[in-house]
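From a predicted model like this one, the values you see are computed outputs, not experimental measurements. Below, read A as the first sequence line, B as the second, and so on, with proteins coming before strands; counting in each chain starts at 1.
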Amino acid sequence: MASVSYRGAERLYPGGDRPAVADLNLEVEDGEFMVLVGPSGCGKSTSLRMLAGLEEVTGGRILIGDHDVTDVPPKERDIAMVFQNYALYPHMNVADNMAFALKLAGVGKEERMARVREAAKLLDLEPYLERKPKALSGGQRQRVAMGRAIVRHPQVFCMDEPLSNLDAKLRVSTRTQIAALQQRLGITTLYVTHDQVEAMTMGDRVAVMKDGVLQQVDSPLRLYERPTNVFVAGFIGSPAMNLLSAKPGDGGVVIDNHLLPVDRATASKIDGDVTVGIRPEAWRMVSESEGGLPVRVTVVEELGADAYVYGQCDLDGVPGQVVIRAAAGRVPHKGETVHVTSDPDRVHVFDGGSGRRLST
Amino acid sequence: MPPTVRNADVSISVAERLAPGEAPDQAVAREKRRHHRQTALRVLCIVPPIALLGALVVYPLANAVYLSFTKSSFINPDPDWAGLANYQAILTSDTFLTVLKNSLIWTVAVVAAQFVLGLASAILLSQKFKGRLVLRSMVILPWIMPGVIAGVLWKLLYDPYLGPVNAVAGGLGLVDGNPAWLGQASTALAAVIIAAIWKGFPLSTIMYMASYQGVPNELREAARSDGANAWQVFLHVTLPAMAPTIRTTVLLTTVWTFNYFDLVYVMTAGGPGTSTEIFPTYIYREAFQNVRYGVAGAYGVISVVLLSIFTVVYLRQLNKSGGLD
C-alpha cells in the first residue's frame with residue numbers, strides 16, 4: 001500500500017495546442033479513496049492512465065510512495081486497473097482471467113488458485129469460475145474485473161468508470177459494494193467517473209477537473225458546501241445549484257431590482273458584477289410583500305418527502321429555469337407564482353469575471 | 001398415430017376459426033386442402049436449386065467416381081469397366097508416393113510460410129508510419145495477379161542466365177555458375193514453393209490485419225497493467241483474440257494450396273521428371289496428356305478423400321479448442 005503524488009504532472013498530445021492534463025498537483029493518501037470527476041474531456045481518465053503507465057507523462061513527476069514511477073513501465077508499477085468495458089480476456093475463463101497477473105508474476109499454482117478463490121468468495125463469483133466472460137451478465141463481468149484487480153494485492157487500484165456499463169439499479173448497489181470493499185481492503189484507490197453522484201457517495205475525497213485543470217480537491221461535503229468556483233458549484237449537486245448574475249447593492253447583491261442579502265464579510269469583497277449561487281434547498285418561500293424573486297411554476301417533481309419545483313423567473317440575470325426544493329405540504333401548484341429569497345449564510349457569491357469564490 | 005385422433009386434433013385447432021355456417025368437419029377438410037396446397041408449393045420451390053446442384057455438382061462428381069473405375073487410352077478413349085484396377089495400380093506405384101510426398105511438402109511449407117509471413121506483415125502494416133497506406137495497397141498485388149502471370153514472372157526471375165535471382169545470388173557469391181533452379185529436381189519444388197508463398201501470402205496479411213486491428217486496445221492495456229511485457233501481451237492476448245481468424249484462414253489456404261494448379265503448371269508442368277508433380281498437375285497430365293481418364297479420376301477421388309479427412313480432423317480439433325468463434 002502506498003500514497004500517490006502527482007507533482008506538476010502534464011500530458012500534452014503531439015500536435016495538441018493545450019495539454020490534456022496541465023500541471024496536476026494531487027496528493028492521495030495511503031488507503032484513501034480518491035474520486036476524479038468532471039465532464040467528458042476534462043482529463044480525468046488521462047490522469048488515471050498516466051498513473052497506470054498507459055499514458056506518457058510529458059511534464060512533472062508521478063510518485064507511488066517514495067518511488068518515482070514517471071518513466072517506469074506499467075508492469076513494474078504494481079497497479080491494478082479496472083476498465084470501463086472490463087477488458088476481460090475473452091478466451092480465458094473467469095479463474096484464468098483473475099489469475100493471469102499472478103501467473104505472469106510467477107506465483108505458484110496453489111497460491112494462485114487460493115487467491116482466486118478468496119476473491120471469488122468476496123465477490124460472489126464462486127459458481128462462475130469455469131465460465132468464459134461471454135457467458136456472464138454485465139454485473140458479473142464487472143465483478144470479475146474487480147476480482148482481477150483484487151487478487152493481485154496491488155499498491156494502488158485504478159478504476160476508470162467501472163460502473164458506466166451497468167443499468168441504473170445495479171450501479172447503485174455496486175457503488176456501495178465497491179466503496180465497502182475498498183474500505184475493507186484499505187488499498188489506495190483512484191476512481192474516475194463523470195457522475196457527480198457516484199463521486200459524492202463513494203469518495204473519501206473528490207477531485208473536480210475541467211479542461212485538464214484541477215479545480216478543487218475536498219471531501220464531498222466540503223465540495224458541496226464550499227465550492228471554490230462557479231464551475232464546481234454548478235457541477236456538484238443534483239439538481240444543480242441555481243446560478244444568477246447580480247450587481248453589488250446595499251447590504252447584499254441586486255438581481256434586477258430585487259435585493260438578496262449577503263453577509264458583511266462577503267459584501268466587503270464584492271467589486272463589480274458577481275455570480276450568485278443558491279442551492280435548491282436554500283430558497284425560502286416568502287410572501288410577495290417581502291420582496292422575493294417571482295417564479296412562475298412550470299413543473300413539479302413530487303418525491304414524497306419533498307418536491308423539486310421548476311419555474312421561470314423573467315428577471316434579468318436569472319437563467320431560464322430556477323429549481324426550488326419545497327417541503328411536503330408546502331408544494332406550490334403548476335402555474336402558480338411563488339416568491340423566493342434566501343439567507344445570507346446560504347448564498348454563495350462568486351466573482352463575475354474569474355468565477356472564484358468570494359463568500360467566506 | 002390413428003387418423004381419427006389426428007382429425008380430432010385438427011378440429012380442435014380450427015374450431016375457433018370456423019367460417020359462418022360451416023360444420024367442424026367441413027372446416028377440417030378445408031384445412032387439409034390448404035395444407036396440401038402449401039406442400040405442393042414448397043416442393044415446387046425446392047426443385048430448381050436441387051436440379052441445378054445435381055447438374056453442376058452431383059453429376060460431375062459421380063461421373064468422376066465412375067471414371068475412376070474404368071480404363072481408357074489414347075487409342076481407345078471410350079471408358080471400359082475396370083473395377084478397382086486403377087486404385088490398385090496407383091496405390092502400389094512409386095509415382096503416387098512421389099505425388100503424395102510432393103503435395104504434403106508443398107502444402108505444409110506454403111501454408112506455414114504464408115501464416116508466418118501474413119501475421120508478421122499484418123502486424124507491421126498495422127503500426128503507424130509514413131507511407132503505410134501505399135505499402136498496404138502494394139502488398140496485395142501478388143494476390144490479385146493471375147496465377148499464370150505470376151508463374152511466367154517467377155520463371156523469368158529464376159532464369160539461369162537472364163534472371164535477377166542468379167544475378168543477385170551470384171553477385172553475393174552465394175552460387176557458382178548459373179544454376180537452373182526450376183530445371184533440376186533437387187531445387188525445383190523449393191523454387192515453386194517460394195513463388196507460391198509470395199503469390200498467396202497477401203490474403204493472410206489482409207485477414208490478419210483486419211483481425212489484429214479488431215482486438216480491443218483495452219485488452220492489451222489490461223494485460224500491460226497485469227504485468228505483461230510486449231511479447232507476453234502478444235502471446236497471451238493478441239494471438240488468442242486472433243485465433244478464430246487464424247483457424248479459418250489456415251483452413252482456407254490449406255485447401256486452396258492443395259488444389260493449386262496454374263502456378264506450378266506454368267513454372268514446371270510437374271517436372272523435371274515428377275519432382276514438382278502435385279495432385280492437380282498430375283491429374284491434368286494423366287487426363288489430358290496421357291488420356292487415361294480412369295487413372296486421373298482415381299487420383300481425383302483420392303485427393304478429395306485426403307482433403308476431406310484433413311478437413312474433418314481439423315474441424316474436430318477446432319471444436320475441441322473453442323470452434324470458429
Side-chain angles (χ1 to χ4, degrees), chain A residues 14 45 48-55 69 72-93 96-107 132-135 141 144-145 147-162 165 190, chain B residues 115 118-119 122-123 126-133 207-251 314-325:
Chain A
S45 276
L48 186 77
R49 292 165 53 84
M50 285 158 76
L51 173 63
L54 301 173
E55 202 77 61
V69 297
V72 171
K75 68 192 198 86
E76 285 158 34
R77 294 192 185 199
D78 198 11
I79 277 178
M81 181 110 177
V82 179
F83 292 84
Q84 184 173 357
N85 299 315
Y86 317 138
L88 302 181
Y89 309 121
H91 54 284
M92 297 183 198
N93 65 24
D96 290 342
N97 257 288
M98 284 164 54
F100 183 61
L102 300 178
K103 201 172 164 187
L104 289 176
V107 176
K132 292 270 174 74
K134 68 177 174 189
R141 286 179 204 184
V144 177
R148 198 164 65 175
I150 290 172
V151 293
R152 291 179 48 193
H153 304 323
Q155 297 214 50
V156 182
F157 281 146
C158 287
M159 305 192 189
D160 193 357
E161 309 223 12
N165 282 347
L190 262 82
Chain B
F115 165 69
L119 195 59
I123 292 167
S126 298
Q127 312 304 316
K128 281 189 180 133
F129 59 87
K130 237 183 173 168
R132 174 171 73 153
L133 276 180
M207 300 286 283
Y208 298 151
M209 204 152 66
S211 171
Y212 182 83
Q213 286 162 13
V215 180
N217 214 19
E218 227 178 35
L219 280 187
R220 298 196 185 104
E221 287 180 342
R224 278 169 68 199
S225 48
D226 264 349
N229 59 32
W231 168 246
Q232 287 166 326
V233 171
F234 178 74
L235 194 68
H236 295 298
V237 175
T238 310
L239 205 57
M242 292 172 71
T245 311
I246 292 174
R247 291 170 186 147
T248 314
T249 308
V250 166
L251 177 63
Y314 186 85
L315 289 178
R316 274 239 179 111
Q317 210 55 37
L318 274 198
N319 284 338
K320 265 191 225 158
S321 57
L324 284 175
D325 61 1

Open item on the list: Just so I know, are the side chains of P154(A) and I79(A) near enough to count as touching, which here means a heavy-atom distance under 4.5 Å?
Closed with: no
- [ ] Check whether any side-chain heavy atom of Y89(A) sits under 4.5 Å from a side-chain heavy atom of D96(A), and report yes or no.
- [x] no
Open item on the list: If I measure from the heavy atoms of chain B, does L88(A) come under 4.5 Å with its side chain, its backbone, both, or neither?
Closed with: backbone
TODO: Sort out for me which of V237(B), L219(B), D226(B) touches chain A most, counting heavy-atom pairs under 4.5 Å.
DONE: D226(B)
TODO: Could you tell me which portion of A223(B) (side chain, backbone, both or neither) has an atom closer than 4.5 angstrom to a non-hydrogen atom of chain A?
DONE: both
Task: Interface moiety of N229(B) toward chain A, non-hydrogen atoms closer than 4.5 Å - done: both
Open item on the list: With chain B as the partner, which of P73(A), P74(A), A145(A) has the greatest number of non-hydrogen pairs under 4.5 Å?
Closed with: P74(A)
TODO: Look only at the side chain of R148(A) and the backbone of Y86(A), and say whether a donor-acceptor pair between them is shorter than 3.5 Å.
DONE: yes
Open item on the list: Looking at M92(A), is its backbone amide N or carbonyl O close enough to the side chain of N97(A) to form a donor-acceptor pair, meaning the two atoms are under 3.5 Å apart?
Closed with: yes
- [ ] Kindly indicate whether the side chain of L48(A), heavy atoms from C-beta on, has any atom under 4.5 Å from the side chain of M159(A).
- [x] no
Task: Contacting moiety of R77(A), where chain B heavy atoms sit under 4.5 Å - done: neither
